[in-house]
There are 2 protein chains.
Amino acid sequence: MIGMDDGPKAPPTLHDVAREAGVSIATASRALNGSSRNVRSENASRVRAAAAKLDYEPHLSAQAIAKGSTRTVALVVRDVADPYFSSIAAGVTQAAQECRLIVTMAVAGGSPERELEIVRTLRGRRPRVIIVAGSRVDGSGTRGTLVEELTEYRTAGGRVVLISQRDLPFGTVTIDNRGGAERLARALLAAGYRRFAVLHAQERIRTSRERHDGFLAGLRHAGVPEPLAIETGFTRAGGYEAARRLVERGVADVEAVFAVNDVMAIGAMTGLRDAGIVPGRDIGVAGFDDIDAAVDVVPALTTVAVPLREAGLTAMRLALSDEETADHSLPTNVVLRESTPPRPPT
Amino acid sequence: MIGMDDGPKAPPTLHDVAREAGVSIATASRALNGSSRNVRSENASRVRAAAAKLDYEPHLSAQAIAKGSTRTVALVVRDVADPYFSSIAAGVTQAAQECRLIVTMAVAGGSPERELEIVRTLRGRRPRVIIVAGSRVDGSGTRGTLVEELTEYRTAGGRVVLISQRDLPFGTVTIDNRGGAERLARALLAAGYRRFAVLHAQERIRTSRERHDGFLAGLRHAGVPEPLAIETGFTRAGGYEAARRLVERGVADVEAVFAVNDVMAIGAMTGLRDAGIVPGRDIGVAGFDDIDAAVDVVPALTTVAVPLREAGLTAMRLALSDEETADHSLPTNVVLRESTPPRPPT
DNA sequence: AAATGTGCGGAATACGTTTTCCCGATCACC
DNA sequence: GGTGATCGGGAAAACGTATTCCGCACATTT
């Protein structure tokens with residue numbers, strides 16, 4: 001036993017299995033992944049036995065290169081830890097699993113450059129599908145080359161699906177932000193609210209813009225004053241800060257605050273409360289997304305439910321369908337809760 | 001142009017690049033990924049130019065098979081949408097990115113069989129590292145074969161790191177659940193609480209057990225009555241339901257509720273409130289994890305902060321270090337908030 | 001019984017890289 | 001000017017699998 005090498009032992013290959021079973025590797029390959037060709041059942045079972053005995057697992061890279069295609073789908077998101085994206089990821093993962101596909105995830109962190117770099121190196125993995133969720137901005141400079149990159153990938157036979165990114169020549173699944181916000185506005189009008197403040201993010205963030213526009217559209221022709229618009233960050237901290245600004249300015253003339261997403265709304269509620277204004281009693285608050293926390297907050301948050309997991313599922317299905325550039329829009333649902341109690345008519 | 005095939009155009013290969021640059025593929029390969037060999041700088045730049053012109057991206061599977069190793073790390077979690085795991089995933093992803101590694105994620109969904117199946121097929125991808133976070137149970141039947149599978153993977157040269165799973169012969173990073181719960185118990189005692197209820201999950205869920213045990217240990221020798229133990233699901237719904245049961249039973253003799261994680265605690269708060277008992281005023285509530293929602297809930301939740309992202313980072317670092325089976329424990333921190341106000345001495 | 005088909009095993013090739021090995025050219029040194 | 005070393009280029013082998021192609025044995029038809 002002198003000189004025995006205890007280093008890494010190479011995993012068994014198809015060759016080993018074939019030898020163990022006493023057949024050629026061609027037969028072994030055919031036996032293990034049912035090809036169009038038949039193999040005598042006795043040989044087949046011997047091969048299977050050998051594979052089990054050696055604990056053989058096919059080398060996916062080798063298969064990929066031999067077959068010229070992989071079984072992976074690449075998902076790029078802005079941030080895994082954000083419930084918005086992780087819900088989408090859960091949907092994608094679930095749908096992929098049903099098709100026996102493996103999903104690999106990359107995190108772009110909100111940087112368009114990083115996003116571009118990721119998509120570029122992703123091509124090297126030759127995934128069957130690339131799904132891009134939540135590119136941060138639109139219309140900006142690097143966006144163009146991202147489109148080029150994806151187009152090139154598609155001409156090489158890949159499938160591309162974008163989530164929450166309209167107007168690009170790929171399959172897209174979008175959220176009905178505009179319609180949801182519009183219906184929310186109407187619901188708030190119906191509840192007796194008349195004077196609003198809107199907490200929104202930068203114009204270039206499309207989701208924020210769409211929700212803001214939709215809300216204004218819902219208010220139109222209702223004869224209510226133009227809402228006060230406050231620009232802030234797309235985060236909880238942004239909502240908090242905006243609420244403070246709102247309070248400083250004086251809040252007597254606003255009856256309800258609409259924040260373009262739930263985390264902002266929740267931050268705003270805390271901000272208002274810290275300033276002595278009780279959400280749901282002194283002022284109405286509404287958000288958008290219906291994240292889990294919306295029901296746990298007090299008062300429970302009025303919001304617009306967005307089927308995020310569903311969006312992931314749909315994206316995956318769209319990718320596997322044969323429509324190249326379908327646009328699939330998902331409906332949103334207004335959910336009224338205690339943060340916007342009906343307001344007695346003045 | 002008749003008969004022009006507009007179908008998928010194969011992406012350029014190293015061969016194409018070499019031809020374009022007028023050199024051999026060997027030279028092209030050497031020029032593109034600085035090998036130990038030198039190539040004349042003129043040739044090198046011509047190759048680079050050709051690669052850029054053709055928009056060449058190396059086929060990672062081919063590289064993997066030629067080099068015999070990949071640059072991927074495989075992460076298996078129970079559920080991406082759960083903030084607990086997505087935070088860990090964020091940490092892993094970040095650390096991996098720093099090392100130019102790609103992370104692929106698989107979701108086990110809390111099923112040990114599925115987990116085993118995943119790890120098995122994962123071997124086929126020959127990742128450099130496998131990180132398993134939150135296997136659900138321990139000591140059970142399939143656990144054994146999972147260990148076998150991972151051991152085999154390691155003898156083949158792979159690195160294994162387990163998160164939140166002690167006592168297994170691999171690198172592990174664990175959370176100091178016991179200590180955190182113990183200190184939480186002491187803090188609550190110091191705040192004047194004496195009579196507790198503990199909302200916990202099944203015994204086989206290790207995290208739940210450790211936190212429960214730690215809490216009891218913190219209470220020991222304090223001369224307080226044995227806490228009331230209520231078993232329920234490890235989820236928000238479980239917490240809600242347990243709270244209802246607690247209220248039905250009669251809640252007069254409990255001063256504070258400790259739920260073994262935050263989502264349970266938050267569910268319990270809602271459950272209590274729905275029954276007319278106001279958390280933070282009528283009864284104290286504490287959780288564990290310090291998820292983001294803990295501060296947005298009203299009253300803000302007393303809890304034990306767990307460095308989840310950090311756990312992911314540490315796991316990745318541990319995997320890349322050369323200690324085979326180090327055990328890295330991460331500290332936890334008690335955070336007192338409004339859900340457990342100091343209680344006036346009776 | 002010859003001709004034709006059919007079922008199945010195996011050798012060989014392909015996939016896109018990296019790497020080893022060989023070979024010619026240039027250089028340094030005596 | 002010969003000898004050896006160094007440098008860099010290219011041919012070819014290797015990685016592990018899928019698949020094409022060839023050939024053999026056997027069954028079916030005429």
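To find a chain, count down the sequence lines: A is the first, B the second, and so on, and within it residues start at 1.
The side chain of B/I65 has D/dC15 as its nearest neighbour among D/dC15, C/dG9, D/dT17. Each of D/dT17, C/dT17, D/dG10 was ranked by its minimum atom distance to the side chain of B/Y56; first place goes to C/dT17. Nearest to the side chain of B/A66, among D/dG10, D/dT17, C/dT17, sits C/dT17. Among the nucleotides C/dG9, D/dA11, D/dG16, the one closest to any side-chain atom of B/A26 is D/dA11.
The separation between A/D16 atom CG and D/dG16 atom P is 9 Å, rounded to whole Å. Separating the CD atom of B/E57 from the P atom of C/dT17 is a distance of 10 Å, rounded to the nearest angstrom. To the nearest angstrom, C1' of C/dA14 lies 15 Å from CD of A/Q63. With rounding to whole Å, B/R37 atom CZ is found 14 Å from C/dC23 atom P. Taking atom CD1 of residue B/I25 and atom P of nucleotide C/dC15, one finds them 12 Å apart after rounding to whole Å. The distance between atom CG of A/N33 and atom P of D/dT17, rounded to the nearest whole Å, is 10 Å. Between A/L60 atom CG and C/dG16 atom P the separation is 18 Å, expressed in whole Å. Nucleotide C/dG9 holds its P atom 11 Å from the CZ atom of A/R46, rounded to whole Å.
Salt-bridge check for A/E57 with B/R120: failed, with every basic side-chain N at 4.0 Å or more from each acidic carboxylate O.
Distances shown here put every side-chain N or O of B/T13 at or beyond 4.0 Å from the OP1 or OP2 atom of C/dG16. Contact annotation: B/S24 does not reach the phosphate of D/dG9 (side-chain N/O to OP1 or OP2, under 4.0 Å). Listed pair B/N43 / D/dG9 meets the phosphate criterion, a side-chain N or O lying under 4.0 Å from OP1 or OP2. Between A/R40 and C/dG9 there is a side-chain N or O to OP1 or OP2 distance below 4.0 Å. Listed pair B/N38 / D/dG8 meets the phosphate criterion, a side-chain N or O lying under 4.0 Å from OP1 or OP2. When the side-chain nitrogen and oxygen atoms of A/R30 are compared with OP1 and OP2 of D/dT19, none of them lie within a distance under 4.0 Å.
Within the 4.0 angstrom heavy-atom criterion, base atoms lie near B/S29. In this structure, A/L14 reaches the sugar-phosphate backbone alone: every heavy-atom distance under 4.0 Å involves primed, P, OP1 or OP2 atoms, never a base.
Rounded to the nearest 0.5 angstrom, B/L54 CG and B/Y56 OH are separated by 10.5 Å. With rounding to the nearest 0.5 angstrom, the CD1 atom of B/I102 is 9.5 Å from the OG1 atom of B/T70.
Side chain to side chain, A/N43 and A/T27 fail the donor-acceptor criterion of an N or O pair below 3.5 Å. Judged purely by distance below 3.5 Å, without hydrogens or angles, the side chains of B/R71 and B/Q63 never pair a donor atom with an acceptor atom.
A side-chain donor-acceptor contact under 3.5 Å links B/T93 to the backbone of B/A89.
Taking 3.5 Å as the limit, the base of D/dG16 and the side chain of B/R126 contain no donor-acceptor pair of atoms between them.
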